[in-house]
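What follows is a set of notes on a single structure, which appears directly below.
Chain A is the first sequence line, chain B the second, and so forth, proteins listed ahead of strands; every chain is numbered from 1.
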2 protein chains.
Amino acid sequence: MSNQLNDAPLTLRDVAAAAGVSLATADRVVNGRPGVSAKTALKVHEAVQRLGFRPLAAAAELARSRSWRFAVVLPSGGNRFMMDIADNIRAQADWFRARRIAVEIVETDVFDADRLAAELAGLPGRFDAVALVALDHPRIRAAIDDLVEGGMAVVTLVSDAPSSRRQHYVGIDNIAAGRTAGSLVGRFLGPPRNGEAGGSVGIVTGSGSLRDHAERLFGFGQVLAEEYPGLTRLTPVEGRDDPGRNRDLVRRMLADTPDLVAIYNTGEGSVGIGEALAEAGLARKILCVGHELTPATRRMLLDGTFAALVAQDPGHEARSMARVLHALVSGQEIVAAQEHIRVQVILRDNLP
Amino acid sequence: MSNQLNDAPLTLRDVAAAAGVSLATADRVVNGRPGVSAKTALKVHEAVQRLGFRPLAAAAELARSRSWRFAVVLPSGGNRFMMDIADNIRAQADWFRARRIAVEIVETDVFDADRLAAELAGLPGRFDAVALVALDHPRIRAAIDDLVEGGMAVVTLVSDAPSSRRQHYVGIDNIAAGRTAGSLVGRFLGPPRNGEAGGSVGIVTGSGSLRDHAERLFGFGQVLAEEYPGLTRLTPVEGRDDPGRNRDLVRRMLADTPDLVAIYNTGEGSVGIGEALAEAGLARKILCVGHELTPATRRMLLDGTFAALVAQDPGHEARSMARVLHALVSGQEIVAAQEHIRVQVILRDNLP
DNA sequence: CTGTTAGCGCTTTCAC
DNA sequence: GTGAAAGCGCTAACAG
């Protein structure tokens with residue numbers, strides 16, 4: 001393969017000339033528009049191949065002076081992570097503007113399937129594409145399918161609805177995220193090869209009905225069951241991502257579980273866990289692993305209350321969502337590698 | 001802050017009209033070009049503010065039909081990671097073409113300061129910008145400064161030369177990477193709170209003269225010395241990133257060190273370490289942490305030979321390099337958050 | 001089915 | 001110092 005990229009600045013006009021056709025015909029072939037005979041299409045394709053032509057995106061963008069309206073549906077009263085997503089979307093105002101994309105962030109109670117479904121039903125006509133934090137619920141699945149049916153581009157964000165017809169999911173593999181948390185807890189407590197680690201592991205989760213939390217729980221349980229049989233998983237307690245509720249739940253957990261060695265939080269509100277531990281004088285004595293980097297979790301990582309965080313990058317997700325929706329509406333290809341959202345492990349030492 | 005982004009599709013023409021000046025004058029002000037009186041400049045700035053104007057990137061790109069030549073200087077006979085970088089750069093051919101950027105990948109012996117310096121000296125005139133894997137050496141620093149002096153945009157890639165005048169560094173914080181590796185080794189061997197972990201830790205490194213390796217070593221040593229005093233660090237052995245040499249070095253290390261509990265490789269060629277361990281029947285008995293995700297390290301992560309990898313994303317680095325150089329030559333702003341290259345921790349469970 | 005032509009929004013001469 | 005006008009490469013009417 002050559003190390004020399006993009007030598008000659010070819011234009012569609014050059015291709016048209018080489019193929020012996022007009023600019024318009026060359027354009028039709030290159031963009032797969034109808035109304036060209038198979039024979040001439042072949043000539044153009046050959047010329048494109050031979051010359052190595054690639055259209056100049058900026059020119060196409062400019063000429064195709066069409067504009068788009070995107071809706072982004074986020075949970076109302078959102079937690080810190082969702083606020084980060086929203087901020088990162090706003091930070092892209094210039095990027096959107098440069099592509100004639102008008103974006104509206106819509107806040108809804110995504111936990112209420114009826115309200116979310118109603119919100120989605122009101123989108124067609126007003127928007128060309130939508131990104132939403134999905135609830136994996138039959139009613140939502142149907143609402144998503146209706147949008148796609150109606151010709152809208154739909155991507156799920158952070159929490160997926162895989163059985164729907166959404167074109168893309170922008171977020172992490174939450175089973176992998178849960179497994180990663182499980183491995184961190186297991187290994188940090190002591191590697192299996194030196195005799196089994198023992199004790200109880202508490203689990204705090206947001207809500208059983210959010211697919212991402214449920215998947216994390218599943219992945220976490222998988223690893224602990226398979227590889228750390230000496231560890232006992234307590235029944236998950238639901239704090240709805242609320243620090244206050246989490247604090248109360250962990251207080252009780254500490255009181256009820258003398259052999260508690262670790263706590264895993266599948267969702268937000270980790271700060272409540274830190275508070276309960278601090279009260280009991282158990283911070284850094286009990287191994288904690290949680291999700292997402294926020295000012296609160298950053299602090300607790302630095303002071304040792306949390307040993308590790310499993311995280312996803314809200315900036316990457318916001319940018320990926322924008323690129324994917326834009327590619328979908330304008331018929332461009334999406335670069336899979338670039339859009340893959342990684343499950344990150346954050347320790348005190350590699351804090352960004 | 002509003003949730004409504006980019007409502008009206010404003011053009012420079014609108015701004016010019018609102019300010020009561022011509023299109024050309026508005027353009028001069030918006031782009032900070034000279035030849036405008038302070039008074040009219042103010043009028044234009046006000047109009048821009050009031051209307052909330054942002055230029056359409058595609059149009060600017062098209063009109064400014066200027067082209068660029070970028071050089072990317074990579075180590076010759078590169079290892080797998082460098083090949084990944086090169087592949088990712090090639091994968092961006094369309095992106096470059098869309099911006100009229102011709103890219104040439106230049107291979108040199110970056111370990112030889114004289115040759116690298118000579119290569120760099122030959123760049124001005126032929127290129128507008130350069131990205132290079134730097135050797136932190138006085139001669140290279142001077143060569144970089146000469147390029148910058150000559151008006152070229154220069155960024156370092158993967159390995160930095162911070163005392164030079166390069167405009168940007170595309171790569172990870174290698175001290176943080178080393179610290180992360182240190183924490184993983186320390187914690188995986190057994191948390192300090194349950195009595196100190198003990199034993200010797202072997203260290204394999206590529207070359208003492210590459211800044212990235214030296215920094216990783218430093219960060220690793222820092223954490224082990226401060227937090228895991230029970231662990232004895234062996235003197236680092238240099239295998240020049242070569243699997244064969246690494247295998248021999250580790251064979252000897254195993255023979256000489258009865259209490260060896262872990263091995264850290266700051267560079268490439270981890271597969272040699274795996275081979276030596278397998279021969280001795282010690283795979284998975286000795287904790288291994290290395291760098292970079294390659295087919296070989298992926299395999300060893302999956303089979304348990306390596307417990308974790310500290311990695312950087314070559315795709316992200318290739319794209320970041322491209323964006324940063326383009327921003328530098330075309331006078332655009334660079335989005336710091338997007339260009340920050342993260343120190344990634346990869347376990348078997350969060351393999352991408 | 002194919003070709004001609006008028007822009008898209010911005011940059012850049014070249015006059016005034 | 002300021003303005004008029006000719007493109008940049010591609011798309012989309014509109015003719016033929």
Any N/O pairs under 3.5 Å between the protein and nucleotides 4-7 of chain D? List them or say none.
none

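- For the residue pair B:Q312 / B:R342, no side-chain donor-acceptor distance below 3.5 Å is found, with atom types taken as modelled.
- In B:R33, the CZ atom is crowded: over 12 heavy atoms of neighbouring residues, nucleotides or ligands sit closer than 6.0 Å.
- The CG atom of A:L56 sits 10 Å away from the P atom of D:dT11 (whole-angstrom rounding).
- When A:T156, A:I341, A:V72, A:I85 are each tested for a side chain to side chain contact (heavy atoms under 4.5 Å, CB included) with A:M321, only one passes: A:V72.
- Note on A:R100 versus A:E61: no salt bridge recorded, every NZ/NE/NH1/NH2 to OD/OE distance being 4.0 Å or above.
- Cation-pi geometry between A:R97 and A:W95 is not met at under 6.0 angstrom from the ring centre and within 45 degrees of the axis.
- Shown here are the side-chain hydrogen bond (donor to acceptor under 3.5 Å, both in side chains) partners of B:E317, two or more places apart in sequence or in another chain: there are none.
- Here the side chain of B:R64 is nearest to one of C:dT12, C:dG9, D:dC10, namely C:dT12.
- Per the geometry, CZ belonging to A:F53 stands 8 Å off C1' belonging to D:dG9, to the nearest Å.
- Atom-to-atom, CG of B:D27 to P of C:dT11 comes out at 4 Å; the value is rounded to the nearest Å.
- The shortest distance between the side-chain N/O atoms of B:N31 and the OP1/OP2 oxygens of C:dT11 is below 4.0 Å.
- Following rounding to the nearest Å, B:L10 (CG) and C:dC8 (P) show an atom-to-atom distance of 15 Å.
- When the P atom of C:dG9 is taken as reference, atom CZ of A:R99 falls 16 Å away, rounded to whole Å.
- If you check C:dG9, D:dG3, D:dC10 against the side chain of B:V21, the one that comes closest is D:dG3.
- A side-chain donor from one of B:S163 and B:R141 sits under 3.5 Å from a side-chain acceptor of the other.
- A distance-only check finds a donor-acceptor pair linking the side chain of A:D128 to the backbone of A:R69 [under 3.5 Å].
- Looking at A:D27 and A:N31, their side chains do bring a donor and an acceptor atom within 3.5 Å of each other.
- What separates CZ of A:R66 from C1' of D:dA13 is a distance of 16 Å, to the nearest Å.
- For the pair A:L62 CG and C:dC10 P, the computed distance is 9 Å after rounding to whole Å.
- Atom CZ of B:R13 is separated from atom P of C:dC10 by 9 Å (rounded to the nearest Å).
- Sorted by residue number, the members of residues 33-46 of chain B with any non-hydrogen atom under 4.0 Å from DNA chain D read B:G35, B:V36, B:S37, B:T40.
- As judged by a 4.0 angstrom heavy-atom cut-off over every strand, B:V30 is placed among residues making no nucleic acid contact.
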